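One structure is given here, and the rest of the page talks about it.
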Amino acid sequence: MKGEGPPLFAASSGVHWDGVRVWGLPDEEPLVEMDAGAVWGLATASVDGRSLVVDGRSLVVGGGDEGVEVWDAAIGEQVASFSVDDEETAYAVAFSQLDGRPVVVAGNDSGRVYVFDLSADEDGDPVHEPSAGHEGRINALDVAMVGGRSVAVTGGEDGTARIWDLAGGRQVGPPLTGHSGSVDAVVVTTMQDRAVALTTGRDGVVRVWDLTL
């Protein structure tokens, strides 16, 4: 996590302890602890490798049993929280931008993708209706700008990866198939100046997908 001052490191555990903890180097004890329930997904405010500072604050977002929560990482203060339907869990989260506005992207255990506007009121509704396509839980997601569009790539329990246009809430192209088990990790990067997604999962295979739109 980069902002003004030394780098910070955030971690969560949905099993061994609840909430989010933030460390600085070389400290052994956390600088800040954010109280919350079990947090399964965690992301810092970075878009395409650049730190995203909102209202002068370095942010961290967590997804878990209590929905989506956003904190000021330096002081542990909650700045926003969002719901992903009653009794649903957000397993994957990320920060992105739409038309210059900071947004939070979340995937839940019913396979829906949510986009929340951080510049709007706290506890606001999603930017548009949640996007549906996965059959089962979304385990992982990453975001990027591809062809001038803000997109998310999600990996699901159904063994597929999917590309989403975040502005319109639509799936882009057919599902990306090939894994023989659930897709548990997704990273978007560039190879030879082309946007690609790397996925891996329970089958132990890493696959590379061209995201050219």
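Small disclaimer: the values here were computed from a predicted structure and weren't measured.
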[atom1]-[atom2] distance between [X] and [Y], expressed to the nearest 0.5 angstrom:
| X | Y | atom1 | atom2 | value |
| --- | --- | --- | --- | --- |
| Ser182 | Glu157 | OG | CD | 4.5 Å |
| Phe116 | Ser83 | CZ | OG | 7.0 Å |
| Asp142 | Thr199 | CG | OG1 | 12.0 Å |
| Thr89 | Asn108 | OG1 | CG | 8.5 Å |
| Asp117 | Asp125 | CG | CG | 11.5 Å |
| Ser12 | Asp18 | OG | CG | 10.0 Å |

Is the side chain of [X] donor-acceptor paired with the backbone N or O of [Y] at a distance under 3.5 Å, no angle test?
| X | Y | result |
| --- | --- | --- |
| Gln171 | Gly173 | yes |
| Asp72 | Glu77 | no |
| Ser150 | Gln97 | yes |
| Arg207 | Gly178 | yes |
| Asp99 | Arg101 | no |
| Asn139 | Val183 | yes |
| His128 | Leu166 | yes |

Measure across [X] and [Y] and return the closest heavy-atom pair with its distance rounded to 0.1 Å.
| X | Y | answer |
| --- | --- | --- |
| Tyr114 | Pro130 | CE2-CG, 3.2 Å |
| Val105 | Ser96 | CG2-CB, 4.2 Å |
| Ala152 | Val143 | CB-CG1, 4.0 Å |
| Tyr91 | Asp109 | CE1-CB, 3.5 Å |
| Val205 | His179 | O-CE1, 3.2 Å |
| Ala90 | Val68 | CB-CG2, 3.9 Å |

Following the transitive rule for hydrophobic clusters with a side-chain heavy-atom cut-off under 4.5 Å over Ile, Leu, Val, Met, Phe, Trp and Tyr, establish whether [X] and [Y] coincide in one cluster.
| X | Y | answer |
| --- | --- | --- |
| Trp209 | Val186 | yes |
| Leu141 | Leu98 | yes |
| Val187 | Val93 | no |
| Val172 | Val153 | yes |
| Trp71 | Leu31 | yes |

So Arg162 and Thr154, side-chain hydrogen bond (donor to acceptor under 3.5 Å, both in side chains) or not? Walk me through it. CA-CA 5 Å; Arg162 297 170 189 258; Thr154 55; 6.0 Å; no
| So do the side chains of Arg21 and Glu29 get within less than 4.5 Å of each other, counting heavy atoms only? | no
Taking C-beta and beyond as the side chain, do Ile163 and Val146 meet within less than 4.5 Å on heavy atoms?
no
message: Taking CZ in Arg194 as the centre, count heavy atoms belonging to other residues, nucleotides or ligands within less than 6.0 Å. Is the count above 12?
response: no
Original post:
Can you check side chain to side chain contact (heavy atoms under 4.5 Å, CB included) on Val20 and Glu69, steps first, answer last?
Top reply: CA-CA 10 Å; Val20 177; Glu69 298 180 79; over 6 Å; no
- [ ] Carefully, step by step, assess Phe95 and Val104 under the rule side chain to side chain contact (heavy atoms under 4.5 Å, CB included).
- [x] CA-CA 5 Å; Phe95 286 100; Val104 171; 3.8 Å; yes
Anything under 3.5 Å between a donor and an acceptor, one on a side chain of residues 33-42, the other on a protein residue two or more places apart or in another chain? List them.
residue: Trp40; atom: NE1; partner: Asp65; partner atom: OD1; Å: 3.1

